[in-house]
Number of protein chains: 2
Amino acid sequence: MAALLADTETFTSAQDLHARLREQGEPVGLTTVYRHLQFLADAGELDVVRNDDGENLYRRCGTHQHHHHLVCHTCGRAVEIEGPEIEAWAERVAAAEGFTTITHTLEIYGTCPTCAGPQAADSLRK
Amino acid sequence: MAALLADTETFTSAQDLHARLREQGEPVGLTTVYRHLQFLADAGELDVVRNDDGENLYRRCGTHQHHHHLVCHTCGRAVEIEGPEIEAWAERVAAAEGFTTITHTLEIYGTCPTCAGPQAADSLRK
DNA sequence: ATCGTTGCAAATGTTTTGCATGTCA
DNA sequence: TGACATGCAAAACATTTGCAACGAT
């Protein structure tokens with residue numbers, strides 16, 4: 001059942017996933033979807049990101065290691081990004097201020113080639 | 001009334017601010033606090049950050065320009081950070097994937113010297 | 001009289017939880 | 001039978017909105 005997300009490279013909300021499952025004939029309850037997503041996220045199987053609407057978006061990533069995302073804000077597709085320079089920079093800056101036990105969040109948003117491409121007007125309309 | 005936040009360098013939630021105002025004798029309504037915060041944020045007077053609990057935290061910053069924050073997750077105090085290298089890196093990475101109209105979010109979290117200092121044990125206990 | 005500000009109460013929307021039911025070993 | 005997965009309905013929470021009251025111009 002963890003295979004639910006194995007197919008998509010797009011960040012998906014619990015509500016979305018639930019709706020899609022019902023469409024596919026899986027009569028699964030919303031509660032169950034939430035429980036599974038939370039479990040998988042806790043287990044490090046899924047990456048979680050909170051969008052501006054306060055929704056949690058989930059995605060299965062190729063690596064369990066620390067990484068960031070380049071997310072298309074039109075279609076939601078995300079590319080995994082590694083940024084050793086950034087990690088180092090964050091550590092350095094924080095250390096310079098005397099901070100310890102440092103963590104950080106970083107996401108990049110943009111319009112992906114597919115969404116900007118043929119209908120490039122879309123990216124201008126907004 | 002915008003002066004409500006002029007005093008703190010800490011990210012504050014609407015609920016918090018409301019509670020603090022009541023304590024200070026200002027019998028202001030929660031709705032009003034929300035409305036003012038939203039207005040100020042829209043006007044670019046306040047920086048907004050969403051925490052893990054899904055709360056919006058607000059802070060008055062020294063500059064209206066694009067910058068990031070180094071936030072203490074114990075006391076909430078935040079230091080404004082500039083990172084030209086990061087901006088450039090984000091642009092470069094996104095462009096390399098063909099993304100356009102790029103934006104990004106970046107926050108660094110840690111324990112500030114004051115919170116880690118004398119009672120350094122705190123930062124180990126967690 | 002009128003326009004902008006306020007606050008209460010109710011609505012919204014996501015996520016969580018209580019509890020009763022079904023299932024598999 | 002007994003641990004566990006499920007689902008429904010209700011709760012929790014931050015935030016927003018409808019609407020009527022209030023104040024100053």
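So that the names make sense, note that chain A is the first sequence line, chain B the second, and so on, each numbered from 1.
Annotation for A:A14 and A:L30: closest pair O-CD1, 4.5 Å, computed over non-hydrogen atoms. Pairing each heavy atom of B:N51 with each of A:R50, the nearest pair is O-NE, 4.0 Å. A pairwise comparison of heavy atoms in B:R77 and B:T114 identifies NH2-OG1, 3.1 Å as the closest pair. When all heavy atoms are compared, the tightest approach of B:Y34 to B:Q15 is OH-NE2, 2.8 Å. Across A:V71 and B:F99, no two heavy atoms sit closer than the pair C-CE2, 3.8 Å.
For B:H69 and B:Y109, the ring centers sit 6.0 Å or farther from each other.
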Contacts under 3.5 Å, N or O only, protein and nucleotides 20-25 of chain C:
none

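Under 3.5 Å, the side chains of A:T111 and B:T101 contain a donor-acceptor pair of N or O atoms.
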Which letters describe nucleotides 16-25 of chain D, given B = protein heavy atom under 4.0 Å from base, S = only from sugar-phosphate, - = neither? BB--------

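Distance A:Q15 CD to C:dT12 P: 15 Å, rounded to the nearest Å. What separates CG of B:L17 from P of D:dA14 is a distance of 15 Å, to the nearest Å. To the nearest angstrom, C1' of D:dT15 lies 13 Å from CG of B:N51. If you take NE2 of A:H18 and P of C:dT15, they are 13 Å apart, rounded to a whole angstrom. Residue B:L57 contributes atom CG, which lies 15 Å from atom C1' of D:dC13 at whole-angstrom precision. Residue B:L37 contributes atom CG, which lies 15 Å from atom P of C:dT5 at whole-angstrom precision. Per the geometry, CG belonging to B:D53 stands 10 Å off P belonging to D:dT15, to the nearest Å. When the C1' atom of C:dT6 is taken as reference, atom CZ of B:F39 falls 16 Å away, rounded to whole Å.
Shown here are the ring pair (Phe, Tyr, Trp, His ring centres under 6.0 Å) partners of A:H66, two or more places apart in sequence or in another chain: A:H68, A:H104.
Contact check, A:H36 against D:dT6: a side-chain N or O comes under 4.0 Å of OP1 or OP2. The phosphate of D:dG7 has OP1 or OP2 within less than 4.0 Å of a side-chain N or O from A:T32.
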From CA spacing to verdict: side chain to side chain contact (heavy atoms under 4.5 Å, CB included), B:C61, B:H67: CA-CA 10 Å; B:C61 282; B:H67 62 276; 3.4 Å; yes

